[in-house]
Amino acid sequence: MAANALLFSFLFISVAAVCGAETLNSHPPAVAPLPPPPPPPPPPHHYNHTHPPTPPPSHPPTPPPSHPPVKPPATPPSYPPVKPPTPPPQRKKVAVQGVVYCKSCKYRGVNTLVGASPLSGAVVKLQCNNTKKGFTEQLKTDKNGYFFFMPQNLTSSGSHKCKVSLVSSPLKNCTVPTNLHAGAVGAILFGTPKPPPVVAPAKPPPLVIFTVGPFAFDAPKKFPCHY
């Protein structure tokens, strides 16, 4: 009996040893846990240093100005002067003047007034085409051979379309209109030059005066000349 008990104990120990070895082989040993982190370092120690108090300023501080500084005025932009609009030219009444001469028979066919004399009663024509219908005026010269037109329906704006020409002479020995200063074909109106006034007139003249000529009639070719 004792022998059997001893054998049974030996077998139980052997089986227990084998089972323990298998258990170790199938389950590896657990890893040991990491040690806990060290505690944080303590905050730095501040030492209390005593500083002497700041002495007050010897002079009181300057108070700020009560008014803000004044800025200089900005220069406005410069612009060129604006020219006033030019008014339209004023229309005025027109007058035409001139003188007619009778040439000396000695200078027949020559455009000269040497030896000529004023011709009284000569007919002069003013013809204007400044309107749809136009108009024509005729008059005779005075004893000085002078003529003066002052048409009622003509202004300075249409004077450039007017001409003055010779029509007839009362003398038989002086009947041929010459083309001296365009008297035969018609002279275009030109303004009369005005001398500079010493004192400016208070009012502008009411008329624009045009001067033509002087014109001249010549002796006919069949008329005998006695020198």
Side-chain angles (χ1 to χ4, degrees), residues 88-227:
Q90 185 179 4
R91 296 184 179 184
K92 295 183 179 180
K93 291 291 184 178
V94 171
V96 184
Q97 65 180 358
V99 179
V100 180
Y101 290 89
C102 177
K103 289 176 55 181
S104 172
C105 192
K106 180 180 179 180
Y107 297 100
R108 180 169 50 191
V110 181
N111 284 334
T112 180
L113 292 177
V114 177
S117 58
L119 182 59
S120 175
V123 179
V124 185
K125 178 178 66 175
L126 170 65
Q127 183 175 359
C128 297
N129 298 321
N130 58 330
T131 60
K132 293 182 179 180
K133 296 182 179 180
F135 68 92
T136 301
E137 290 188 11
Q138 293 185 2
L139 51 75
K140 293 182 179 182
T141 57
D142 61 9
K143 62 179 181 179
N144 297 317
Y146 178 77
F147 63 88
F148 186 83
F149 288 99
M150 193 168 62
Q152 297 298 321
N153 54 346
L154 178 62
T155 61
S156 56
S157 62
S159 59
H160 61 285
K161 296 183 179 181
C162 298
K163 293 182 179 181
V164 180
S165 59
L166 296 173
V167 177
S168 63
S169 169
L171 301 181
K172 293 181 179 181
N173 62 340
C174 195
T175 58
V176 180
T178 68
N179 206 35
L180 179 66
H181 301 128
V185 297
I188 301 175
L189 304 187
F190 292 100
T192 304
K194 301 177 182 178
V198 178
V199 179
K203 294 182 180 181
L207 293 175
V208 178
I209 301 177
F210 293 91
T211 301
V212 293
F215 300 146
F217 282 92
D218 208 348
K221 293 182 179 180
K222 297 180 180 180
F223 186 82
C225 292
H226 301 284
Y227 302 107

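A 4.5 Å side-chain heavy-atom check between Val185 and Asn179 finds at least one atom pair inside the cut-off. Between Tyr146 and Thr141 there is no side-chain heavy-atom pair separated by less than 4.5 Å. The side-chain heavy atoms of Pro214 and His181, taken from C-beta on, include a pair separated by under 4.5 Å. No side-chain heavy atom of Leu180 sits less than 4.5 Å from a side-chain heavy atom of Tyr101.
Closest heavy-atom contact between Ala216 and Lys103: CB-CG, 3.7 Å. Taking every heavy atom of both residues into account, Val176 and Pro220 meet most closely at CG2-CA, 3.7 Å. Here the closest non-hydrogen pair linking Pro170 and Ser120 is CG-O, 3.2 Å. In terms of heavy-atom proximity, Gly186 sits nearest to Ser165 at CA-CB, 3.8 Å. Across Leu171 and Thr175, no two heavy atoms sit closer than the pair O-CG2, 2.7 Å. Nearest heavy-atom pair across Phe148 and Ala95 is CZ-CB, 3.5 Å.
Using a 4.0 Å cut-off between charged nitrogen and carboxylate oxygen, Arg108 and Asp218 do not count as a salt-bridge pair.
Taking CG from Leu113 and SG from Cys102, the interatomic distance works out to 11.0 Å, rounded to the nearest 0.5 Å. In this structure, CG on Leu119 lies 15.0 Å from NZ on Lys143, to the nearest 0.5 angstrom. Put simply, SG on Cys162 and CD on Glu137 are 9.5 Å apart, with the number rounded to the nearest 0.5 Å. The CG atom of Leu126 lies 10.0 Å from the CD atom of Gln138; values are rounded to the nearest 0.5 Å. Put simply, NZ on Lys125 and CG on Leu166 are 10.5 Å apart, with the number rounded to the nearest 0.5 Å.
Judged by distance alone, the side chains of Thr211 and Gln97 do bring a donor and an acceptor atom under 3.5 Å apart.
Between Phe147 and Phe149, the angle of the ring planes goes over 60°, which puts this pair in the perpendicular group of the 30/60° scheme.
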Chi angles and distances behind the side-chain contact (heavy atoms from CB on, under 4.5 Å) call for Val99, Asn144: CA-CA 8 Å; Val99 179; Asn144 297 317; over 6 Å; no
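Environment of NZ in Lys93: crowded, with over 12 heavy atoms of neighbouring residues, nucleotides or ligands closer than 6.0 Å.
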